[in-house]
Amino acid sequence: QVQLVESGGGLVQPGGSLRLSCAASRRIFSLYIMAWSRQAPGNQRELVAQITTSGSTTYGDSVKGRFTISRDNAKNMVYLQMDSLKPEDTAVYYCTVPGLSTWGQGTQVTVSS
């Protein structure tokens, strides 16, 4: 069974930074594209960023230039570095394996002064 566990969310002021981490089951980590998605209250889930097994990245238009996704295959970890955060980035952030339709439990990010 695939398991994804996110951490690193919290409350941050506008313009601040946070780094999210996702620990993935070793069995699947090296085989699949990994991604971060988010869902704000009343909104649909949206793709934030994804990274292939070779490290190629794709970002949603709203986060380009501010967020950076990375992965450490040796540690079975995926990260999301979020800089220049805005109030509209407030959401629950999920680590996902799109190819397996698998999601973690989510971590809350709140951007507010």
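The figures that follow rest on heavy atoms only: side chains count, while hydrogens, waters and symmetry mates do not. Positions are given from 1, in the same order as the sequence printed here.
Taking both residues in full, the closest heavy atoms of A40 and A91 are given as N-CB, 3.8 Å, listed atom of the first, atom of the second, then distance. In plain terms, the two heavy atoms of A24 and L4 that are nearest each other are CB-CD2, 3.7 Å.
Looking at R71, its side chain does come within 3.5 Å of a backbone N or O of I51 through a donor-acceptor pair. Not a single donor-acceptor pair under 3.5 Å links the side chain of T102 to the backbone N or O of V97.
The hydrophobic cluster containing V92 does not contain V12, counting ILVMFWY residues as joined when their side-chain heavy atoms lie under 4.5 angstrom apart, directly or transitively.
Counting heavy atoms from C-beta on, the side chains of L85 and L18 come closer than 4.5 Å. With a 4.5 Å cut-off on side-chain heavy atoms, V48 and Y59 do not count as touching. In this structure, W36 and L20 have side chains that are in contact, with non-hydrogen atoms separated by less than 4.5 Å. At least one side-chain heavy atom of F67 sits less than 4.5 Å from a side-chain heavy atom of D89. Using a 4.5 Å heavy-atom threshold, the side chains of M34 and T96 count as separate.
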(request) Could you walk me through whether L100 and Y32 pass side chain to side chain contact (heavy atoms under 4.5 Å, CB included), step by step? (result) CA-CA 9 Å; L100 296 175; Y32 291 95; 3.6 Å; yes
(request) Would you please test S21 and M77 for side chain to side chain contact (heavy atoms under 4.5 Å, CB included) and show each step? (result) CA-CA 7 Å; S21 299; M77 297 291 294; 3.8 Å; yes
(request) Kindly determine whether V109 and M82 satisfy side chain to side chain contact (heavy atoms under 4.5 Å, CB included), including the steps that lead there. (result) CA-CA 10 Å; V109 172; M82 306 186 293; 3.8 Å; yes
(request) I would like to know whether I69 and V78 meet side chain to side chain contact (heavy atoms under 4.5 Å, CB included); could you show each step before the answer? (result) CA-CA 7 Å; I69 188 172; V78 181; 4.1 Å; yes
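Taking a cutoff of 4.0 Å between a charged side-chain nitrogen and a carboxylate oxygen, D61 and K64 qualify as a salt bridge.
Residue pairs meeting the side chain to side chain donor-acceptor pair (under 3.5 Å) criterion with at least one member in residues 103-113, sequence neighbours excluded: E6-Q105, Q108-T110.
Put simply, OG1 on T53 and CD1 on I33 are 7.5 Å apart, with the number rounded to the nearest 0.5 Å.
With sequence neighbours excluded, the residues that form a side-chain contact (heavy atoms from CB on, under 4.5 Å) with S17 are Q81, D83.
With hydrogens and angles left out, the side-chain atoms of S62 and R38 include a donor and acceptor closer than 3.5 Å.
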